[in-house]
Amino acid sequence: AEHVRGVITALRSLLVEIYPPNLEEEGLGSALADMVAGLPSKGITPRLDVAVPAGELRPHTTGLIYRTAQELVRNTLRHSGASAITIQVATVGNRVRLTVEDDGRGFDPRTIHRAQADGHVGLRGLGDLVAEAGGTLEVESAPGKGTMVTVEVPK
């Protein structure tokens, strides 16, 4: 019974991480602000600009943008050595655009397939989710030049 309670607690924590309660109640901007609040203690200065009013996006789209930003921030923490990250969310016509840019070490985007072969499937998984939603994911990076990922999906 103790083990089951521990598993249930871990599952609840995971669900809150995937779709935090304040995402629906307070909106994407608040949830993203909470997500990046701990970055300064990890040596990364965040800049957040969310120009999408609460309630403008469908719940599925809001969740997708949040999860995408979350994975991109994780990638920055794990791989980039960045000192700053900028997250921007804005509407462009009938679409929403998420841009996450860091000043880290960057990489050659042509080598993504090698990382996938080594078990790193984060960007590919994101690309699949975004494509299923009718959107696009673009990666711009170069060694020593940081990384910028832009995602656009229908609102």
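Counting begins at 1 with the first residue of the sequence. Treat the numbers as computed from the prediction; the structure is a model and nothing was measured.
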Quiz prompt | Sequence neighbours excluded - side chain to side chain donor-acceptor pair (under 3.5 Å) pairs with any residue from residues 83-92 | solution = Ser83-Asp103
Exercise. Mind listing the closest non-hydrogen atom pair of Ser80 and Asp102 along with its distance?
Key: CB-OD2, 3.8 Å
Self-check item: Closest contact, heavy atoms only, Gly81 versus Arg105
Solution: N-NH1, 3.6 Å
Quiz item: Counting distance only, does the side-chain N/O of Ser30 pair as donor-acceptor with the main-chain N or O of Gly27 below 3.5 Å?
Solution: no
Quiz item: What is the distance from atom CD of Glu71 to atom CZ of Arg74, rounded to the nearest 0.5 Å?
Solution: 5.5 Å
Show me the donor-acceptor pairs, under 3.5 Å and distance only, between side chains in residues 143-155 and residues at least two apart or in other chains.
| from | atom 1 | to | atom 2 | distance (Å) |
| --- | --- | --- | --- | --- |
| Thr147 | OG1 | Ser141 | OG | 2.9 |
| Glu152 | OE1 | Arg95 | NE | 3.4 |
| Glu152 | OE2 | Arg97 | NE | 2.7 |
| Glu152 | OE2 | Arg97 | NH2 | 2.6 |
| Lys155 | NZ | Glu56 | OE2 | 3.0 |

Self-check item: Qualifying residue, where the test is side chain to side chain contact (heavy atoms under 4.5 Å, CB included) with Tyr66 and the options are Thr61, Val89, Leu28
Solution: Leu28
Quiz prompt | Gap separating the CG atom of Leu64 from the CG atom of Leu57, nearest 0.5 angstrom | solution = 10.5 Å
Side-chain donor-acceptor contacts of residues 43-52 below 3.5 Å, not counting sequence neighbours, with atom names and distances?
none

Self-check item: Distance (rounded to the nearest 0.5 Å) between Ile87 CD1 and Thr68 OG1
Solution: 11.5 Å
Quiz item: So, do Thr76 and Leu72 sit near enough that their side-chain heavy atoms are less than 4.5 Å apart?
Solution: no
Quiz prompt | Euclidean distance, Ile85 CD1 relative to Lys42 NZ, rounded to 0.5 Å | solution = 11.5 Å
Quiz item: Can you tell me how far the CG atom of Leu98 sits from the CG atom of Leu126, to the nearest 0.5 Å?
Solution: 9.5 Å
